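Beneath this line is the structure, given in structure tokens, with notes to follow.
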Amino acid sequence: IHLGDNTVIVGIGERTNQAGLEKLQSLFSNFNFIGVEHPELHLDVLLTMVGDKIILADVTKLPKDFINFLSRMGIEIIVADPTEQHSLGCNVFAIENKKVIAAAENRITNERLKQHGIEVIEVSMPNLIKKGGGQRCMTCPTNRD
């Protein structure tokens, strides 16, 4: 997940290990890769950038030192409701700065986004959520200005 500038967050969990992180660092030396251990299949079910220096995160499943790192970087953290983690509350797709597509089923997290000035386009997708997918899962951002 691109954090900004040349910093990229890489999940260390079921899909990527320390060796994968080191391989990325060796291939792309102009980027700063930050490994974040987590218990989920993919990191984007626990955090997503929703605006310039604004992140949506389930802070209950992320390491405290990583949350502190984000704060030191000046990243505003919008805390997702942990009860909506199973319905992928954090797996929103930012289509613009402070504008996201989010599952309508995640009412509490969506309201928190709105309270922080994020425009939320809500789309009901119960069948996709049942299979473990979300808005961000359906995309592949490769370039950002």
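Just so it is clear, the model here is predicted, and its values are computed rather than measured.
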To the nearest 0.5 Å, how far apart are [atom1] in [X] and [atom2] in [Y]?
X: Ile67; Y: Leu62; atom1: CD1; atom2: CG; value: 4.5 Å
X: Thr16; Y: Leu43; atom1: OG1; atom2: CG; value: 9.0 Å
X: Ile9; Y: Phe33; atom1: CD1; atom2: CZ; value: 11.5 Å
X: Asp58; Y: Thr109; atom1: CG; atom2: OG1; value: 8.0 Å
X: Asn17; Y: Glu22; atom1: CG; atom2: CD; value: 8.5 Å
X: Met49; Y: Asn97; atom1: CE; atom2: CG; value: 9.0 Å

Please check if atom [atom1] in [X] has more than 12 non-hydrogen atoms from other residues, nucleotides or ligands closer than 6.0 Å.
X: Glu37; atom1: CD; answer: no
X: Asp5; atom1: CG; answer: no
X: Lys114; atom1: NZ; answer: yes

Identify the two heavy atoms, one from [X] and one from [Y], that lie closest to each other, and give their separation to 0.1 Å.
X: Ala102; Y: Asn110; value: CB-OD1, 3.3 Å
X: Lys99; Y: Ile121; value: CE-CD1, 3.8 Å
X: Ile77; Y: Ala57; value: CG2-CB, 4.2 Å
X: Glu105; Y: Val123; value: OE1-O, 3.9 Å
X: Ala80; Y: Leu56; value: CB-CD1, 3.8 Å

[X] and [Y]: same hydrophobic cluster, using ILVMFWY side-chain contacts below 4.5 Å?
X: Ile95; Y: Met125; answer: yes
X: Leu3; Y: Val8; answer: no
X: Phe66; Y: Val45; answer: yes
X: Ile75; Y: Phe69; answer: yes
X: Leu47; Y: Val10; answer: no

Okay, side chain of [X], backbone of [Y]: is any donor-acceptor separation there less than 3.5 Å?
X: Gln18; Y: Ile12; value: no
X: Asn106; Y: Ser87; value: yes
X: Arg112; Y: Val79; value: yes
X: His38; Y: Glu40; value: yes
X: Lys53; Y: Met73; value: yes
X: Thr48; Y: Cys90; value: yes
X: Glu84; Y: Arg107; value: yes

Could you give me the CA-CA distance, side-chain angles and deciding distance for Phe28 and Asn30, then say whether side-chain contact (heavy atoms from CB on, under 4.5 Å) is met?
CA-CA 5 Å; Phe28 302 100; Asn30 56 326; 4.2 Å; yes
Check the pair Thr7, Asn32 against side-chain contact (heavy atoms from CB on, under 4.5 Å), reporting the backbone distance first and the verdict last.
CA-CA 5 Å; Thr7 304; Asn32 179 29; 4.0 Å; yes
side-chain hydrogen bond (donor to acceptor under 3.5 Å, both in side chains) against Thr83, all qualifying residues, sequence neighbours excluded
Asp81
